[in-house]
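Data block below; observations after.
Order of the sequence lines fixes the chain letters, A, B, ..., with proteins taken first and strands second; residue numbering starts at 1 for each chain. The figures here come from the full heavy-atom set of this structure, side chains too, leaving out hydrogens, waters and symmetry mates.
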There are 2 protein chains.
Amino acid sequence: MSELFVDLDRSSPVPLYFQVARSIEAAIQSGQLAPGARLENEISLADQLGLSRPTMRRAIQQLVDKGLLVRKRGVGTQVVHGQVTRPVELTSLFDDLTRSGQAPRTEVLLHRIEPAPDEVAVTLALAPGTDVLHVRRLRYSREEPLAVLDNYLPPEFCDLSPADLALRGLYQLLRSRGVGMRVAKQRIGARRGTAEECHLLGERRGSPLLTMERTTHDDSGRAVEWGRHVYRASRYAFEVTLVDR
Amino acid sequence: MSELFVDLDRSSPVPLYFQVARSIEAAIQSGQLAPGARLENEISLADQLGLSRPTMRRAIQQLVDKGLLVRKRGVGTQVVHGQVTRPVELTSLFDDLTRSGQAPRTEVLLHRIEPAPDEVAVTLALAPGTDVLHVRRLRYSREEPLAVLDNYLPPEFCDLSPADLALRGLYQLLRSRGVGMRVAKQRIGARRGTAEECHLLGERRGSPLLTMERTTHDDSGRAVEWGRHVYRASRYAFEVTLVDR
DNA sequence: GTCAAGAGAATGTCAGGACAAATAGGCATG
DNA sequence: CATGCCTATTTGTCCTGACATTCTCTTGAC
């Protein structure tokens, strides 16, 4: 059981529990805390770092939620066995690709303001027929086509330009306009690609594709985006970590 | 903003924050708290229920994590717009089908104790060549084939009988043996089914299938199960709710 | 009439303490 | 030697209190 090196900066705007969680996570990723290793108990850890127990608990809880640690009453806290998997957070494909250094490229196939189809109007909670922005993009990674992204956005985002969408990810653009995205509900399935989809993605006709429908809500609970995406099954998969509490 | 009817039972072993969360969730599901409705502030809610603010916060946090509520600093807490979606928890296909009243049936195709293949030995953290239980099941829903489930279990579960596996879900069996499952890491993809898979599932040859690989860890961080499943894409999809914090 | 400063309100963070419940390991007893 | 009890350890729950940060709305100045 090794000592944890945690540099706490109490003047930083970054919350203490977050600083601690980040440090522990780094120790796990670096192998300093091996899979299966037991952490010291919460109270002595809190003492060592000069924190209260609730703050220490919160730091640990964050990593439990991410699937990196497990706790057992009466026993202690341990590092989960198994490979390092980067858990899926509320990010977009663009973010994921950028972070893994794959230099995504985006081609805007369609950029049109149109009356919302019924299904879209319902999920975005708009009056039927309200004008929405419909964009269709082809996303490349390493200069290979990866996905066709169909998205509908409520009226206030109708001024997003094709140039914006070609350069930055949709989530990035929304964030830069002050949208605080909090919840996304996804439905992941599969089907045979249409002739057009397969052509765009460079797959043989009738190839299996991974599909994803998503509704994203902001911090006031409003739906800010609805999308229907198809991915090349040969080059993409979703990773999900589920935690029971 | 309606009053919340919450029956608190302080003598119950069910934690107070959980009782409160359950009540609020019921109010949302029943429509008593409509989408977009604002909750009263944490302090007055806590006062009304005779609870401390941390306990009240924890109840709300649980629903925020489930994607039912959103909070915004300086503003308040609101119910998320949009349809009621049952968020995915750490459950098995069997649990899901049972809960939605679809009477799953299971056919055990294979039940064999064999040396662990390298990949399995690694993910289950066993010595190479250790004997593991390999089961292959065909899962029906409404008397239609739905999925082919391949699973590997560590040595201590080798005594699970085919009869057990035909009658109950794998997660149920593990739970009844005192295994506390906490974390599952899934990878969801798609591919064309093999001739055998399509035949078993009653699909045309080369149909697209949804694939899922999963490693489940218990509360001491040990891997207790590894599975590779294929689902009929025409009849199944995964629903996932992501929350940013 | 417009814009900026300020007050109020709500959630976010952090501390310190107390007791409950579950686990594991040692110890005594059969 | 085996079994059951007891105790120490550790996490789980709950409380009270305080201050910080962010957003909204009102008020006031220009």
Side-chain angles (χ1 to χ4, degrees), chain A residues 1 6 8-22 24 37-65 69-79 178-180 182 218-222 243-245, chain B residues 1 6 8-22 24 37-65 69-79 178-180 182 218-222 243-245:
Chain A
M1 208 175 307
V6 181
L8 286 183
D9 178 2
R10 296 191 95 95
S11 69
S12 162
V14 178
L16 291 174
Y17 72 87
F18 193 85
Q19 295 182 40
V20 175
R22 210 164 37 181
I24 298 177
R38 258 197 32 237
L39 265 66
E40 283 183 66
N41 71 64
E42 299 171 346
I43 298 181
S44 68
L45 278 177
D47 282 348
Q48 283 175 35
L49 301 179
L51 296 170
S52 67
R53 188 180 162 214
T55 302
M56 193 63 222
R57 259 184 85 72
R58 186 161 179 188
I60 293 174
Q61 185 61 49
Q62 192 163 72
L63 298 179
V64 170
D65 290 344
L69 298 178
V70 285
R71 294 202 271 205
K72 205 170 170 183
R73 178 190 268 191
V75 179
T77 306
Q78 288 176 284
V79 180
V179 178
R182 286 296 155 79
D218 70 0
D219 47 18
S220 64
R222 227 170 43 96
V243 179
D244 187 31
R245 281 184 294 179
Chain B
M1 210 175 306
V6 180
L8 285 183
D9 178 1
R10 295 190 95 96
S11 69
S12 162
V14 178
L16 292 174
Y17 71 87
F18 193 86
Q19 295 183 40
V20 176
R22 208 164 37 180
I24 298 177
R38 260 199 28 238
L39 265 66
E40 282 184 66
N41 71 65
E42 298 171 347
I43 299 180
S44 67
L45 277 177
D47 281 350
Q48 284 175 35
L49 302 179
L51 295 170
S52 68
R53 190 181 160 214
T55 302
M56 194 63 222
R57 261 183 83 73
R58 187 161 177 188
I60 292 174
Q61 185 62 49
Q62 191 163 72
L63 298 179
V64 170
D65 290 343
L69 298 177
V70 284
R71 293 203 271 206
K72 205 169 169 183
R73 180 186 219 156
V75 179
T77 306
Q78 288 176 285
V79 180
V179 179
R182 287 296 154 79
D218 71 0
D219 46 20
S220 64
R222 226 171 43 95
V243 179
D244 186 31
R245 279 185 296 180

| Nearest heavy-atom neighbours spanning B:Gln78 and B:Arg38 | CG-CG, 3.2 Å

| task | Please check the phosphate of D:dC15 (OP1 and OP2 only) for any side-chain N or O of B:Thr55 closer than 4.0 Å. | result | yes

| Of the non-hydrogen atoms in A:Asp218 and B:Val70, which two are nearest, and what is the gap between them? | O-CG1, 3.7 Å

| field | Distance in angstrom units between B:Arg57 CZ and D:dC15 P, rounded | value | 15 Å

| request: Could you check A:Arg73, A:Arg57, A:Arg58 and say which one makes a salt bridge (charged side-chain N to carboxylate O under 4.0 Å, His left out) with A:Glu42? | output: A:Arg57

| field | Gap between atom CG of A:Asp47 and atom OG of A:Ser52 - 0.5 Å precision | value | 10.5 Å

| said: Tell me the interatomic distance from B:Gln61, atom CD, to C:dT13, atom C1', rounded to whole angstroms. | reply: 13 Å

| query | Can you name the closest pair of heavy atoms from A:Leu69 and A:Ile60 and give their distance? | reply | CD1-CG2, 4.0 Å

| task | Measure from the side chain of A:Ile43, starting at C-beta and using heavy atoms only, and say which of D:dC15, D:dT11, C:dG12 lies closest. | result | D:dT11

| Starting at CG of A:Asp219 and ending at C1' of D:dT22, how long is that distance when rounded to a whole Å? | 11 Å

| task | Mind listing the residues from residues 9-17 of chain B sitting with a heavy atom below 4.0 Å of DNA chain D? Number order is fine. | result | B:Arg10, B:Pro15, B:Leu16, B:Tyr17

| task | Would you kindly give the CZ-to-C1' distance between B:Arg71 and D:dT21, to the nearest whole Å? | result | 15 Å

| Nearest non-hydrogen partners of A:Ala21 and A:Leu63, listed with the distance | O-CD1, 3.7 Å

| Nearest heavy-atom pair of A:Met56 and A:Ile24: which atoms, and what distance? | CE-CD1, 4.1 Å

| task | Starting from C1' on C:dC14, measure out to CD on A:Gln19 and report it in whole angstrom. | result | 13 Å

Expected rows: protein N/O vs nucleotides 3-10 of chain C N/O, under 3.5 Å:
unit_1: C:dA10; atom_1: OP2; unit_2: B:Asn41; atom_2: ND2; d: 3.1

| Tell me: CZ of B:Arg53 to P of D:dA18, nearest whole Å? | 14 Å

| query | Tell me: CE of A:Met56 to P of C:dC14, nearest whole Å? | reply | 13 Å

When the side chains of residues 9-16 of chain A are checked against the rest of the protein, which donor-acceptor pairs come out under 3.5 Å, sequence neighbours left out?
unit_1: A:Asp9; atom_1: OD1; unit_2: A:Ser11; atom_2: N; d: 3.0
unit_1: A:Asp9; atom_1: OD1; unit_2: A:Ser11; atom_2: OG; d: 2.8
unit_1: A:Asp9; atom_1: OD1; unit_2: A:Ser12; atom_2: N; d: 3.3
unit_1: A:Ser12; atom_1: OG; unit_2: A:Val14; atom_2: N; d: 2.9

| message | Looking only at the side chain of A:Arg58 (C-beta and beyond, no hydrogens), which of the listed nucleotides C:dT13, C:dC14, D:dG12 gets closest? | response | C:dT13

| said: I need the CG-C1' distance between A:Asp47 and C:dG17, as an integer number of Å. | reply: 13 Å

| task | Measure across A:Asn41 and A:Ile43 and return the closest heavy-atom pair with its distance rounded to 0.1 Å. | result | OD1-N, 3.0 Å

